[in-house]
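Chain letters run A, B, ... following the sequence lines, proteins first and then strands; every chain starts at 1. Hydrogens, waters and symmetry mates play no part in the numbers below; they use all other heavy atoms, side chains included.
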Protein chains: 2
Amino acid sequence: MKPRAASTQRRTRIQKENEEIILESALEIFSTNGFRGTTIDQIAAAAGMSKPNLLYYFRRKEDMHQALLDQLLTNWLAPLEEMDPGGEPLEEICKYIRRKLEMAEKYPRESRLFANEILQGAPHIKEQLEGALRELVDEKSMLIENWIEQKKLAPCDPRHVIFSIWATTQHYADFDVQICAILAEEERIKTRFEDAAKMLEGLYVNGLKP
Amino acid sequence: MKPRAASTQRRTRIQKENEEIILESALEIFSTNGFRGTTIDQIAAAAGMSKPNLLYYFRRKEDMHQALLDQLLTNWLAPLEEMDPGGEPLEEICKYIRRKLEMAEKYPRESRLFANEILQGAPHIKEQLEGALRELVDEKSMLIENWIEQKKLAPCDPRHVIFSIWATTQHYADFDVQICAILAEEERIKTRFEDAAKMLEGLYVNGLKP
DNA sequence: ACAAATTTTTACCAGTTGGACAAATATTAG
DNA sequence: CTAATATTTGTCCAACTGGTAAAAATTTGT
């Protein structure tokens, strides 16, 4: 019998193992080649199994992609959600930057998968962007507005501040090739995430100080 | 006779016209679908000509892509090149941000084409990144270092400052779908580039003030 | 141990895609 | 106007790709 894709129904040990291996391999390939740029064969090869066997677990190529995106979005929102209304504003923003930068370093493939999806017009996650993500950004924007009113932050457009944090941090995952090409073989290349963290924290602390 | 692709040899009127139409169409499709995601037929359809006719001007799909990338890189470096050693540091940085933001608004397709290429590991422009781009960044980094030594800028890692400007400005082209999803139908969506410019200038002026 | 259910393999196919080729048509130079 | 040259079209194909179907092998529950 065909297994129900990613459903809540009980899955066998083998199913769990193989689905995990497949998604891991799919992430690797999708994130570097894009959706249309990857072939099922590539994923199958990376997963060490035959194409029909892979298709036994995910009936269509799109199913793997969708599964990865769904899984991703939850983790993606977490760092922003953790921004604490009770904390010290500048400290909270620094912590947010650090968390995002850590994610860029630890999960560059996820970042690139996301970037690929957005670049192509977000056909598979448009609703979530307009739904969950938008609501979260609205909520945190209000929080930042409050901080500004309390003179704890310099006046600024909260939404665009958030955008700029996304941009600068994800850049280190998405544009890593470019960054490494520029930093070249020097010592700097090894410390790029540290260096980025220092520079960004300095920029935002001074830039947003009331 | 087959025309020499993008060579310096004399080209007929028709050649010039058609090559332009083709590249324009190719940019449109490549930038939204990625390299592997676009088919020659799509480009041909967009250019209003038959596939074999298109292949008469560009023998391979890759030739169009390469032509676009080569053309792009020159324009891409221009705004940074214009950064004036004789100017007022904070003013020069603001002007650079504004120029980059203008490019993101005016040429989002070029930005996305570039982003796609980098995301996939920059297979076609690695050399240029390590060559021309790196040299330019080195040069401008030294300039910024000088400004810092002259106490005209707060201490910061110049290279990472440049990266952050790239990231924040290009973000408005590359992640436009996401930004629009979040700003939604509100008035804000129309003024997003203005708002971004204001926010970024404030951030960098305060953040880098010595 | 044995039947039932699950997993894997083998063989296959239809649609798409990049690209070749030569014939037909249009343009230009003399 | 004609010959040479440049452009366009129609036809074709081999490789690739997503996906199917059924048989074979393996695992699992009892």
Donor-acceptor contacts under 3.5 Å from residues 191-199 of chain B side chains, at least two apart:
from	atom 1	to	atom 2	distance (Å)
T191(B)	OG1	R188(B)	O	3.3
T191(B)	OG1	D195(B)	OD2	2.9
R192(B)	NE	D176(B)	OD1	3.0
R192(B)	NH1	I189(B)	O	2.9
R192(B)	NH2	D176(B)	OD1	2.9
R192(B)	NH2	D176(B)	OD2	3.4

Which atom pairs, one a donor and one an acceptor, fall under 3.5 Å between side chains of residues 124-133 of chain B and the rest of the protein, sequence neighbours left out?
from	atom 1	to	atom 2	distance (Å)
H124(B)	ND1	E117(B)	OE1	3.1
H124(B)	ND1	E117(B)	OE2	3.4
Q128(B)	NE2	D70(B)	OD1	3.4

Which pairs of donor and acceptor atoms, one on a side chain in residues 40-54 of chain A, lie under 3.5 Å apart (sequence neighbours left out)?
from	atom 1	to	atom 2	distance (Å)
Q42(A)	OE1	T39(A)	N	2.8
S50(A)	OG	N53(A)	N	3.3

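Not counting sequence neighbours, R36(A) has no partner by the salt bridge (Lys or Arg N to Asp or Glu O under 4.0 Å) test. Residues meeting the salt bridge (Lys or Arg N to Asp or Glu O under 4.0 Å) test with E81(A), sequence neighbours left out: none. Shown here are the side-chain contact (heavy atoms from CB on, under 4.5 Å) partners of Q120(B), two or more places apart in sequence or in another chain: N116(A), N116(B). In terms of the salt bridge (Lys or Arg N to Asp or Glu O under 4.0 Å) criterion, residue partners of R159(A) (sequence neighbours excluded) are, by chain and number, D138(A).
Taking atom CD1 of I43(B) as the reference point, atom P of dT17(C) lies 12 Å away to the nearest angstrom. The distance from atom OH of Y56(B) to atom P of dG10(D) is 17 Å, rounded to the nearest whole Å. One atom, CD of E17(A), and another, P of dT7(C), lie 11 Å apart when rounded to the nearest Å. When rounded to the nearest whole Å, the span between CG of L54(B) and P of dG10(D) equals 15 Å. In this structure, the NZ atom of K16(A) is 18 Å from the P atom of dT27(D), given to the nearest Å.
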task: Under the side chain to side chain contact (heavy atoms under 4.5 Å, CB included) rule, what do S31(B) and F114(B) come out as? Steps first, then yes or no, please.
output: CA-CA 8 Å; S31(B) 67; F114(B) 186 75; over 6 Å; no
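Aromatic ring orientation, Y172(A) versus F163(B): perpendicular (interplanar angle above 60°, classes split at 30° and 60°). The aromatic rings of F35(B) and F30(B) lie parallel to each other, with less than 30° between the two planes, well short of the 60° mark.
Within the model, atoms SG of C156(B) and OH of Y204(B) stand 10.0 Å from one another, a figure rounded to the nearest 0.5 Å.
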Are there any protein N/O atoms within less than 3.5 Å of an N/O atom in nucleotides 25-28 of chain C, and if so, which ones and at what distance?
from	atom 1	to	atom 2	distance (Å)
dT28(C)	OP1	R13(B)	NH1	3.0

Please tabulate the protein-to-nucleotide N/O contacts below 3.5 Å involving nucleotides 13-20 of chain D, giving atom names and distances.
from	atom 1	to	atom 2	distance (Å)
dT17(D)	OP1	R36(B)	NH2	3.4
dG18(D)	OP1	T38(A)	O	3.3
dG18(D)	OP1	K61(A)	NZ	2.9
dG18(D)	OP2	I40(A)	N	2.9
dG18(D)	N7	K51(A)	NZ	2.8
dG19(D)	OP2	K61(A)	N	3.0

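Of the N and O atoms on the side chains of T169(B) and Y96(B), not one donor lies less than 3.5 Å from an acceptor on the other residue.
Residues from residues 23-32 of chain B with heavy atoms under 4.0 angstrom of DNA chain D: there are none.
At dA6(D), none of the side-chain N or O atoms of N18(B) fall inside 4.0 Å of OP1 or OP2 (strictly under the cut-off). Distances shown here put every side-chain N or O of Q15(B) at or beyond 4.0 Å from the OP1 or OP2 atom of dA6(D). Between dT9(D) and N53(B), a contact under 4.0 Å exists linking OP1 or OP2 to a side-chain N or O.
Terminal axes of the helix from dA1(C)-dT30(D) to dG30(C)-dC1(D) (five pairs each, C1' rotation axis) are separated by 30°, to the nearest 10°.
Of the candidates dA6(D), dT9(C), dT9(D), the closest approach to any side-chain atom of S50(A) belongs to dT9(C).
The number of heavy atoms from other shown groups lying within 6.0 Å of CD (E91(A)) is above 12.
Applying the salt bridge (charged side-chain N to carboxylate O under 4.0 Å, His left out) test to every pair with at least one member in residues 93-104 of chain A, sequence neighbours left out, gives these pairs: E82(A)-R99(A), E92(A)-K95(A), R98(A)-E201(A).
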